[in-house]
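Everything below concerns the one structure shown next.
Numbers for residues simply follow the sequence, beginning at 1. What you see below is based on every heavy atom in this structure, not just the backbone, and it leaves out hydrogens, waters and symmetry mates. The shown structure was predicted, so the numbers you read here are calculated from the model rather than taken from an experiment.
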Amino acid sequence: QVQLVESGGGSVRAGGSLRLSCAASGLTYRLYCMGWFRQAPGKEREGVAAVARDGSTKYADPVKGRFTISRDNAKNTLVLQMNNLKPEDTAMYFCGAGISASGGYCYAWPGFSDFRYWGQGTQVTVSS
């Protein structure tokens, strides 16, 4: 049974930082594209950042230069370091694991059609 468990969300003021973690189990973690997505109330889920099985990374434009995604294949963990947070970053953040016929290279990201597994989410709230 695949499980993705996020942690690290919370409430911060604008300009602050948070570190989200995702612990994965039940899958061959190193083969998967791992991504962070977020969904704000009334909005669609959107891709935030992704890291492929080869370590290459992708970021959504609004978070470039502020967020850093990383993975530890030995510990089956995914981390999103979020700095200089803004009120518009407020959302529920989800960890996802994706793989396609081509492998875990995040080709479809920021689309999530290849993402098979999801965590339950962790809330991030940024106040001005």
Listed pairs under 3.5 Å, donor-acceptor, residues 99-113 side chains, sequence neighbours left out:
residue: S100; atom: OG; partner: S102; partner atom: N; Å: 3.2
residue: S100; atom: OG; partner: G103; partner atom: O; Å: 3.3

Worksheet item: Do M92 and I69 share a hydrophobic cluster, counting only Ile, Leu, Val, Met, Phe, Trp and Tyr and linking them when any side-chain heavy atoms are less than 4.5 Å apart?
Response: no
Fill in: Approximate separation, where rounding is to 0.5 Å, of M34 CE and N73 CG
9.5 Å
Worksheet item: Is Y59 close to R66 at the side-chain level, that is, under 4.5 Å between some pair of heavy atoms?
Response: no
Discussion item. Could you measure the distance from the CZ atom of F94 to the CD atom of Q120? Nearest 0.5 Å is fine.
Written reply: 8.5 Å
Worksheet, complete the sentence: Residues at least two apart in sequence or cross-chain that pass salt bridge (charged side-chain N to carboxylate O under 4.0 Å, His left out) with D54, listed by chain then number, are none
Worksheet item: Can you list the residues that meet the side chain to side chain contact (heavy atoms under 4.5 Å, CB included) rule with V2, with sequence neighbours excluded?
Response: L27, Y117
Worksheet, complete the sentence: Correct closest heavy-atom pair for A40 and A91 would be N-CB, 3.9 Å
Item to complete: Nearest 0.5 Å please: distance from the CZ atom of R13 over to the OG atom of S127.
Response: 5.5 Å
Worksheet entry | Cluster check L18, V48: I/L/V/M/F/W/Y, side chain < 4.5 angstrom | yes
Response to the item:
In short, salt bridge (Lys or Arg N to Asp or Glu O under 4.0 Å) pairs touching residues 29-41 with sequence neighbours left out are R38-E46, R38-D89
Discussion item. According to side-chain hydrogen bond (donor to acceptor under 3.5 Å, both in side chains), who are the partners of K64, at least two apart in sequence or on a separate chain?
Written reply: D61
Distance-only check: which donor-acceptor pairs under 3.5 Å involve side-chain atoms of residues 77-88, not counting sequence neighbours?
residue: Q81; atom: OE1; partner: R19; partner atom: NH1; Å: 3.3
residue: Q81; atom: NE2; partner: N83; partner atom: OD1; Å: 2.9
residue: N83; atom: OD1; partner: S17; partner atom: OG; Å: 2.9

Worksheet, complete the sentence: Residues pairing under disulfide (SG to SG under 2.5 Å) where one sits in residues 40-100, two or more places apart or in two chains, turn out to be C22-C95
Discussion item. Considering only residues two or more places apart or on different chains, which pairs with a residue in residues 113-123 satisfy salt bridge (Lys or Arg N to Asp or Glu O under 4.0 Å)?
Written reply: none
Worksheet item: Do R71 and Y29 come close enough that some side-chain heavy atom pair is under 4.5 Å?
Response: yes
Worksheet item: Among all residues two or more places apart in sequence or in another chain, which pass the ring-ring contact (aromatic ring centres under 6.0 Å, His included) test with F115?
Response: F37, W118
Discussion item. S11: which residues meet the side chain to side chain contact (heavy atoms under 4.5 Å, CB included) condition with it, sequence neighbours left out?
Written reply: T125
Item to complete: Please report the shortest heavy-atom distance between A24 and L4, naming the atom on each side.
Response: CB-CD2, 3.4 Å
